[in-house]
Number of protein chains: 2
Amino acid sequence: MVKYQTADLDQTFAALADPTRRAIVARLASGECTVGELSRPFPISAPAVSKHLRLLEGAGLIERRRDGRTQRCRLNAPALDRAVDWITSQRRFWNESLDRLADHLAAQTQEERSS
Amino acid sequence: MVKYQTADLDQTFAALADPTRRAIVARLASGECTVGELSRPFPISAPAVSKHLRLLEGAGLIERRRDGRTQRCRLNAPALDRAVDWITSQRRFWNESLDRLADHLAAQTQEERSS
DNA sequence: TTGATACTTAACCATGTGGTTAATTAATGA
DNA sequence: TCATTAATTAACCACATGGTTAAGTATCAA
C-alpha cells in the first residue's frame with residue numbers, strides 16, 4: 001500500500017488543467033522531443049512554453065536533459081499513474097459505476113494490446 | 001469513439017487540483033450528504049466551502065438538489081471517467097509502461113471485486 | 001571572434017482562486 | 001410572527017497563473 005503526498009497531486013492535476021500543457025503531454029506521449037519542436041505548433045511565445053514546461057517538470061510529469069544547445073523532454077509515467085490512481089481509488093467506495101469503469105478500462109487495454 | 005470538449009477537462013482537472021476539493025470528492029464517494037455535513041470536518045468558513053462546491057459543480061463533478069432547508073450533494077461519475085479516460089488515452093501511444101499500468105489497474109479492480 | 005540559434009529569466013499586466021467577514025435569502029419551529 | 005438554522009452572495013485581500021516583450025546565457029558554426 002503506497003502513500004502519496006497530496007502536494008504532488010495538487011501540482012499534477014493543476015498541470016493537467018491547462019489545454020496547452022495537456023497538448024504538450026499528448027505530444028510527448030508519442031515520443032521524446034526538443035523544446036523547439038514542442039513549441040512550434042503553439043501560437044504562444046517561447047517564454048510562455050518555457051513556463052509551461054517548468055510547471056510540468058515541477059509536477060514531475062516531464063523530465064528535461066540538455067543535449068548540446070537544445071533540450072530534450074520526455075514524459076515521466078509515474079506522475080500520470082498517481083493521478084489515475086487517486087481517481088480510481090475513489091471508486092473503491094463508490095460501487096454504483098465501478099463495474100462500468102472496470103469494463104471500460106479493460107476494453108481499452110484490450111484494444112491497446114491488440115493494436 | 002467519443003469526443004470531449006477540452007473545457008470540461010480544464011475544469012475537471014482544475015477542480016481536482018485543490019486538496020479540499022479532493023477531500024470533498026472523497027467524502028462524497030462514500031455517499032451523498034448535505035453541505036453542512038460536508039463542511040464540518042474542514043477548518044474553513046462556510047462561504048469557502050460554498051465556493052469549492054460551485055467549482056466542483058461547474059466541472060460536472062457533483063450535483064446538488066435542495067431538500068427543505070438543506071442541500072444534498074452527490075458525486076457525478078462521468079466527469080471523473082473523462083479525466084481518467086484522457087490520461088489513459090495518452091498511454092495508447094506510449095507503450096513503455098502501458099502493460100505496467102494495465103496490470104496495476106487490473107490488480108486494483110480485482111481487489112475491489114473480491115472485497 | 002562574431003553572429004546566429006535555442007532557450008531561460010526578468011519585469012510587467014490582467015485575471016482567477018482561496019480565503020476572510022458581513023449581509024442576504026429561504027425554510028423551520030416555537 | 002419571530003428567531004434560528006442552512007446556505008449563498010457580496011466585497012475585499014493576497015497570491016498564483018498565463019500571457020506579453022526585452023534582456024541574458026549557452027552552444028554551435030563561420
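What you see is a predicted model, and the numbers here were worked out from it, not measured in a lab. Heavy atoms only: backbone and side chains are in, while hydrogens, waters and symmetry mates are out. Proteins come first, then strands; the chains are lettered A, B, ... in the order of their sequence lines, and each starts at number 1.
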Could you go through residues 35-48 of chain B and list every donor-acceptor pair under 3.5 Å that involves a side-chain atom there, pairing it with any protein atom two or more places apart or in another chain?
| unit_1 | atom_1 | unit_2 | atom_2 | d |
| --- | --- | --- | --- | --- |
| E37(B) | OE1 | T34(B) | N | 3.0 |
| S39(B) | OG | V35(B) | O | 2.9 |
| S39(B) | OG | G36(B) | O | 3.3 |
| S45(B) | OG | A48(B) | N | 3.4 |

Do the side chain of R66(B) and the main chain of T70(B) share a donor and acceptor less than 3.5 angstrom apart? yes

[X] [atom1] to [N] [atom2], straight-line distance once rounded to whole Å:
X      : N       : atom1 : atom2 : answer
R65(A) : dT27(D) : CZ    : P     : 15 Å
F13(A) : dT17(D) : CZ    : P     : 17 Å
R21(A) : dG18(D) : CZ    : C1'   : 8 Å
D18(A) : dT15(C) : CG    : P     : 17 Å
H52(A) : dG18(D) : NE2   : P     : 6 Å
D10(B) : dT17(D) : CG    : P     : 15 Å

With sequence neighbours excluded, residues passing salt bridge (charged side-chain N to carboxylate O under 4.0 Å, His left out) with R65(B):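 Per chain and number, R65(B) pairs via salt bridge (charged side-chain N to carboxylate O under 4.0 Å, His left out) with E32(B).
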
Counterpart residues, side chain to side chain donor-acceptor pair (under 3.5 Å), relative to R69(A) (two or more places apart):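 Per chain and number, R69(A) pairs via side chain to side chain donor-acceptor pair (under 3.5 Å) with no residue.
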
Would you mind building the protein contact string for nucleotides 4-10 of chain C? One character per nucleotide, 5' to 3', B for base within reach (heavy atoms under 4.0 Å), S for sugar-phosphate only, - for untouched. BBSSBB-

Which atom pairs, one a donor and one an acceptor, fall under 3.5 Å between side chains of residues 52-64 of chain B and the rest of the protein, sequence neighbours left out?
| unit_1 | atom_1 | unit_2 | atom_2 | d |
| --- | --- | --- | --- | --- |
| H52(B) | ND1 | R21(B) | NH1 | 3.0 |
| E57(B) | OE1 | R64(B) | NE | 3.2 |
| E57(B) | OE1 | R64(B) | NH2 | 2.6 |
| E63(B) | OE1 | R74(B) | NH2 | 2.7 |

Using the test side chain to side chain contact (heavy atoms under 4.5 Å, CB included), find all partners of A14(B) that sit at least two apart in sequence or belong to another chain.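 Once residues adjacent in sequence are excluded, the partners of A14(B) under the side chain to side chain contact (heavy atoms under 4.5 Å, CB included) criterion are A17(A).
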
